[in-house]
Amino acid sequence: MNINPDQLRPRFPELTRHMSRDQQLVLIERLDPRTIAANECLIQDGESCDVMFFVWTGRLSIVLNFDQQDLIVGSVGPGAWVGEIAVMDPGAACASVVAAEESVVLALTTEAFALLEQSHPVIASLILQVFSKEMALRLRASNRLLLELMSQDEDQQPVSLREQDWIKKVGGHLTGTRG
Amino acid sequence: MKMATLMQFLQTIPQFADFSQSELATFEKAFRVDAFADGHVFMNEGDYADAMYLILEGEIEVRRRRKNKAGYALLDRKHTGEMFGLLSLINNEKHGAMAVAVGAVQVASLPQSAFELLFDTHAPIALHFQRLVARQLARDLRRFNRALRAAVRSDEVGATVTTFEAN
């Protein structure tokens with residue numbers, strides 16, 4: 001699968017906003033396009049993860065695994081990315097990411113990003129700034145979400161968390177997921 | 001804490017392992033070290049950011065005022081070697097929470113102007129600093145995600161957030 005900057009830029013405008021065409025070409029070289037079948041798992045809840053995925057086509061579900069039960073807490077589509085936390089700070093995933101339909105993703109491993117930092121520090125710097133701004137926004141939104149939850153608890157009759165609307169927002173906060 | 005001691009401290013933190021001696025020296029010059037008593041408020045909800053902080057010794061709590069009710073929610077605790085005050089600086093917004101010293105603390109502060117110089121440029125030291133910031137944010141998010149996950153598992157908000165009355 002061949003991707004060029006003319007395709008990459010409109011798909012990921014924030015990521016490529018300050019990148020020249022040549023810089024985008026370098027980034028494309030580091031990305032590994034993968035076709036994922038429906039129901040295939042990209043990231044397994046609780047397992048070590050050292051790769052992130054940019055969604056090119058299709059849709060990915062964010063799933064929490066509880067005992068025998070899977071709880072879908074959100075989904076992301078083209079232009080979104082999942083798992084940047086793993087690239088910034090490798091560790092166990094906080095949720096599973098499963099293809100809701102056949103999808104094409106661009107994988108970026110921790111190792112590939114580390115090599116990019118050495119060979120093309122300006123490109124790595126631009127990516128780090130975008131990721132940091134995104135994570136900062138998500139942390140702030142997470143704080144707000146918690147406060148909303150608390151006020152609901154105080155003002156309303158107790159309702160199962162898993163039955164409330166807010167559960168749909170959780171997917172945007174797990175495993176480096178946005179969108 | 002004297003400047004030379006700050007350098008020694010930075011060398012003991014794994015996050016600074018990638019930094020060269022000259023880069024650490026640049027950090028030493030950019031940071032200001034101060035000691036604060038229990039209860040000191042580093043930032044208030046609604047204030048604009050003017051600095052970020054690195055905890056050299058002690059603990060701080062990140063709190064947020066509860067809606068329609070007295071008191072605060074405890075959102076996070078940060079310890080030696082961790083940074084706080086990043087969110088508002090990165091996105092140039094008002095603080096969404098307050099940060100308070102729990103016991104005596106010693107922190108190194110980096111003024112907004114120095115932060116922007118390090119965060120928005122592409123010099124080698126900037127790349128290391130950006131990685132430091134991104135790693136801290138990733139860890140904060142990971143911690144939050146785990147707490148949120150625990151709340152869903154136990155099916156109650158109390159598993160995620162501690163509340164307490166205002167003094």
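Excluded from the calculations below are hydrogen atoms, water molecules and symmetry mates; all remaining heavy atoms, backbone and side chain alike, are included. Computed from a predicted model, the values in this text were never measured in an experiment. Numbered from 1 within each chain, the chains take letters A, B, ... in sequence-line order.
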Query raised in the report: Do other residues, nucleotides or ligands put more than 12 heavy atoms under 6.0 Å from the NE2 atom of B:His79?
Result: yes

Query - For B:Asn91, the option from A:Arg140, A:Glu134, A:Lys133 that meets side-chain contact (heavy atoms from CB on, under 4.5 Å) - result: A:Lys133

Report task. Go through B:Leu127 and A:Glu117 one step at a time and tell me if the side chain to side chain contact (heavy atoms under 4.5 Å, CB included) criterion holds. Result -> CA-CA 8 Å; B:Leu127 180 63; A:Glu117 282 185 312; 4.2 Å; yes

**Report entry** Interatomic distance, A:Leu128 atom CG to B:Phe119 atom CZ [nearest 0.5 angstrom]
**Finding:** 8.0 Å

Query raised in the report: Between B:Phe129 and B:Val33, is there a shared hydrophobic cluster once you connect ILVMFWY residues whose side-chain heavy atoms come closer than 4.5 Å?
Result: yes

Query - Under 4.5 Å from any heavy atom of chain A - which part of B:Asp140 - result: both

Query raised in the report: In terms of hydrophobic clustering (I, L, V, M, F, W, Y; side-chain heavy atoms under 4.5 Å; direct or indirect links), are B:Leu117 and B:Phe27 co-clustered?
Result: no

Query raised in the report: Do side-chain atoms of B:Arg142 reach the backbone of A:Cys94 as a donor and acceptor pair under 3.5 angstrom?
Result: no

Query raised in the report: So if you build clusters from Ile, Leu, Val, Met, Phe, Trp, Tyr with side-chain heavy-atom gaps below 4.5 Å, do A:Leu31 and A:Val87 land together?
Result: yes

Report summary line: Shortest non-hydrogen pair, B:Ala138 vs A:Ile85, comes out as O-CG2, 3.7 Å

Query raised in the report: B:Leu141 and side-chain contact (heavy atoms from CB on, under 4.5 Å): which partner among A:Glu84, A:Met88, A:Met135?
Result: A:Met135

Query raised in the report: CG of A:Leu126 to CD of B:Gln130: how many Å apart, nearest 0.5 Å?
Result: 8.0 Å

Requested in this report: Can you measure from CD (B:Glu93) to CG (A:Leu137) and round to the nearest 0.5 angstrom?
Outcome: 6.5 Å

Report task. Might you point out which heavy atoms bring A:Ala136 and B:Ile90 nearest each other, and give the distance in Å? Result -> CB-CG2, 4.2 Å

Query raised in the report: According to a 4.5 Å side-chain heavy-atom criterion applied to Ile, Leu, Val, Met, Phe, Trp and Tyr, with indirect links allowed, do B:Val107 and B:Val102 form part of one hydrophobic cluster?
Result: no

Query raised in the report: For B:Arg143, does the CZ atom sit with more than 12 other heavy atoms under 6.0 Å from it, leaving out its own atoms?
Result: yes

Report task. Against chain A, label B:His128 side chain, backbone, both or neither, depending on which of its atoms sit under 4.5 Å from a heavy atom there. Result -> neither

Report task. Could you look at B:Ala134 and say if it's the side chain, the backbone, both or neither that has a heavy atom under 4.5 Å from chain A? Result -> both

Report task. Determine whether B:Phe19 and B:Ile13 fall in the same hydrophobic cluster, where Ile, Leu, Val, Met, Phe, Trp and Tyr are linked whenever their side-chain heavy atoms lie under 4.5 Å apart. Result -> yes

Report task. Drop me the distance from B:Arg131's CZ to A:Ser132's OG, to the nearest 0.5 angstrom. Result -> 10.0 Å

